Amino acid sequence: MTDRERSIHEMLKDAPSLNDSCGAVHTGTEGGSLVLGSASSHSIAGGGGGGGGGGGGVGGPFGAPNSLPLRNHSAPTTPMSPSSPPSGNGILSPTDSGSGSIIRTSASKIDSLKNWSISTYKCTRQIMLEKLGKSQRTVDSELEAQIEQLRETQRKYLSILRLTRAFSSHFQHVVVTQHALADSFADLAQKNPELQKEFTCNSETQRNLTKNGELLLNALNFFISSVNTLCNKTIDDTLLTIRQYETARIEFDAYRMDLENTKPELTPSAAALEETQRSYAQHKEQYEKLRSDVAVKMQFLDENRIKVMHKQLILLHNAIAAYFSGNAMALESTLKQFNIKLKSPNAVTGSWLEQ
């Protein structure tokens, strides 16, 4: 036993110290056991080979280094922290920049929707308060009287336009009937020699009436086209500006009421009061600009309306008077005076390929 202990001590003396072999320590298996370097492992394995109850040897807890898989965990891969840049060089990728633009666009749309909602709420509230008599509205008596007169004029002109179209439609049926009657008389004149003179006379009379009727239809269509342009285009353009002016007036009154009801001592911040004043000034400027535009447009519209209706009323009077008095020459001269293209009274309609 003494020789055995001496041999173990001698072997330990020859082995390197643990401080010198710390660099040879590696991480072991996933179970957490340590595997020593080759020198210490071989010496311990050799020393433990004779022990019967100690569990030494190759199959013990300290096996040979080449019997266990070694893993290098000296430089583990660390996950990217949330604050690290998206790319190695610190430059945003196109996907990141696209996401930023989408966020900015969404924020802009949300702001626009918010401003629209606030403005709509204020205008609706202003309209309700005006109807209930709890809010004063800005009134321009002279301009509003002119606007009401313009709308009444448009209603009356539209009534004249509707009646003239009805007259033209009925008269067109008369002309078509006269034309068919003239053809029937001419056919009977050929088949009845004993009444040929009488049938021929009536046929010529109906053809003359058809010719003059077509000239009158040309004058009526020209009158209808001009009045329709005046009512549904020229006047409507001015009324569109008037509707924009009325909307601007409501917005101006709504923001004016907000400014009047704002109390500086109760305002949470000076920025809110400044924003209210800025909005009021902006809507006041827009209201005054549209009011000036409406006044100018109505002045030009009135001058244009008088010129157009003067010309069209003279045309309609002369054409109808000449037709029903039987003055065909006066009817033709009237149409030439107003540069109305004359339609051939007995013109045959070409085929659909020619049209």
Side-chain angles (χ1 to χ4, degrees), residues 149-187 189 198-239 297-352 354-355:
Q149 183 180 0
L150 175 62
R151 285 174 172 159
E152 181 65 21
T153 300
Q154 186 191 35
R155 285 192 291 269
K156 291 180 178 179
Y157 282 10
L158 287 174
S159 177
I160 291 174
L161 182 62
R162 183 178 63 256
L163 294 174
T164 308
R165 281 175 172 166
F167 175 75
S168 176
S169 177
H170 296 324
F171 189 73
Q172 185 176 8
H173 288 297
V174 173
V175 172
V176 171
T177 304
Q178 287 175 341
H179 183 71
L181 190 59
D183 292 341
S184 297
F185 284 146
D187 183 63
E198 289 79 1
F199 280 129
T200 301
C201 181
N202 282 276
S203 175
E204 291 178 355
T205 301
Q206 295 300 324
R207 289 189 187 279
N208 290 330
L209 291 174
T210 301
K211 175 184 175 182
N212 295 333
E214 289 178 350
L215 295 177
L216 179 59
L217 280 175
N218 290 335
L220 291 173
N221 291 333
F222 185 75
F223 177 83
I224 291 171
S225 176
S226 300
V227 176
N228 179 65
T229 302
L230 177 64
C231 292
N232 295 322
K233 291 185 179 180
T234 309
I235 296 180
D236 268 359
D237 179 67
T238 304
L239 290 177
K297 278 195 171 186
M298 289 187 64
Q299 181 180 358
F300 283 113
L301 173 64
D302 196 52
E303 296 175 358
N304 186 29
R305 177 184 62 83
I306 293 174
K307 290 180 181 179
V308 170
M309 292 305 296
H310 175 75
K311 176 181 177 180
Q312 295 303 318
L313 290 173
I314 290 178
L315 164 69
L316 185 65
H317 171 268
N318 292 344
I320 291 179
Y323 173 80
F324 285 100
S325 64
N327 193 345
M329 294 182 60
L331 182 59
E332 291 182 5
S333 63
T334 299
L335 269 66
K336 291 179 180 179
Q337 177 185 357
F338 290 94
N339 298 322
I340 299 175
K341 184 178 180 181
L342 298 178
K343 201 189 240 185
S344 179
N346 297 322
V348 179
T349 304
S351 65
W352 63 272
E354 295 177 357
Q355 294 177 358

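Remember, it's a predicted structure, so these values are computed and weren't measured experimentally.
Electrostatic pairing of Glu332 and Lys211 counts as a salt bridge here, judged by a charged N lying under 4.0 Å from a carboxylate O.
Distance CG/Asn218 to CD/Glu214: 7.5 Å, rounded to 0.5 Å. Between Lys307 atom NZ and Leu230 atom CG the span is 13.5 Å, to the nearest 0.5 Å. Between Thr210 atom OG1 and Leu181 atom CG the span is 8.5 Å, to the nearest 0.5 Å. Note that CG of Asn228 is 14.5 Å distant from OH of Tyr157, once rounded to the nearest 0.5 Å.
Residues that satisfy the ring pair (Phe, Tyr, Trp, His ring centres under 6.0 Å) test with Phe199, not counting sequence neighbours, are absent from this structure. Judged as a salt bridge (Lys or Arg N to Asp or Glu O under 4.0 Å), and not counting sequence neighbours, Asp236 has no contacts. Residues meeting the side chain to side chain donor-acceptor pair (under 3.5 Å) test with Asn327, sequence neighbours left out: none. Contacts of Asn202 classified as side chain to side chain contact (heavy atoms under 4.5 Å, CB included), with partners at least two apart in sequence or in another chain: Phe185. With sequence neighbours excluded, the residues forming a side chain to side chain contact (heavy atoms under 4.5 Å, CB included) with Ser168 are Leu217, Leu220, Asn221, Ile224, listed by chain and number. Scored by the side chain to side chain donor-acceptor pair (under 3.5 Å) test, Thr164 finds no partners at all (sequence neighbours excluded). In this structure, Arg162 has no salt bridge (Lys or Arg N to Asp or Glu O under 4.0 Å) partners at least two apart in sequence or on a different chain. Take Gln178 and apply the side chain to side chain donor-acceptor pair (under 3.5 Å) test, not counting sequence neighbours, and it matches no residue. Listed by chain and residue number, nothing satisfies the salt bridge (Lys or Arg N to Asp or Glu O under 4.0 Å) test with Glu303 (two or more places apart in sequence, or in another chain). The side chain to side chain donor-acceptor pair (under 3.5 Å) check on Asn208 picks up nothing, with sequence neighbours excluded. The side chain to side chain contact (heavy atoms under 4.5 Å, CB included) search around Asp183 returns His179, Arg207, not counting sequence neighbours. Residues meeting the side chain to side chain contact (heavy atoms under 4.5 Å, CB included) test with Asp237, sequence neighbours left out: Lys297.
A 4.5 Å side-chain heavy-atom check between Leu315 and Ile340 finds at least one atom pair inside the cut-off. The closest side-chain heavy-atom distance from Asn232 to Leu158 is below 4.5 Å. Contact annotation: the side chain of Thr234 never approaches that of Arg305 to less than 4.5 Å [non-hydrogen atoms, C-beta and beyond]. Within the 4.5 Å cutoff, no side-chain heavy atoms of Tyr323 are placed close to those of Leu215.
The two atoms that bring Leu331 and Ala319 nearest to each other are CD1-O, 3.5 Å, heavy atoms only. Across all their heavy atoms, Ala322 and Ser325 have their closest contact at O-OG, 3.2 Å.
A donor-acceptor pair under 3.5 Å links the side-chain atoms of Ser203 to the main chain of Ala182, judged by distance alone. Within the 3.5 Å criterion, the main-chain N or O of Cys201 finds a donor-acceptor partner in the side chain of Thr205. In this structure, Ser184 contributes its side chain and Ala180 its backbone to a donor-acceptor pair below 3.5 Å.
For Phe338 and Phe223, the ring centers sit 6.0 Å or farther from each other.
Here the options are Val308, Leu313, Ile314, the test is side-chain contact (heavy atoms from CB on, under 4.5 Å), and the partner is His310; only Ile314 passes.
Within a 6.0 Å radius of CZ in Phe300, other residues, nucleotides and ligands contribute 12 heavy atoms or fewer. Residue-environment remark: CD (Gln149) stays at or below the threshold of 12 foreign heavy atoms within 6.0 Å.
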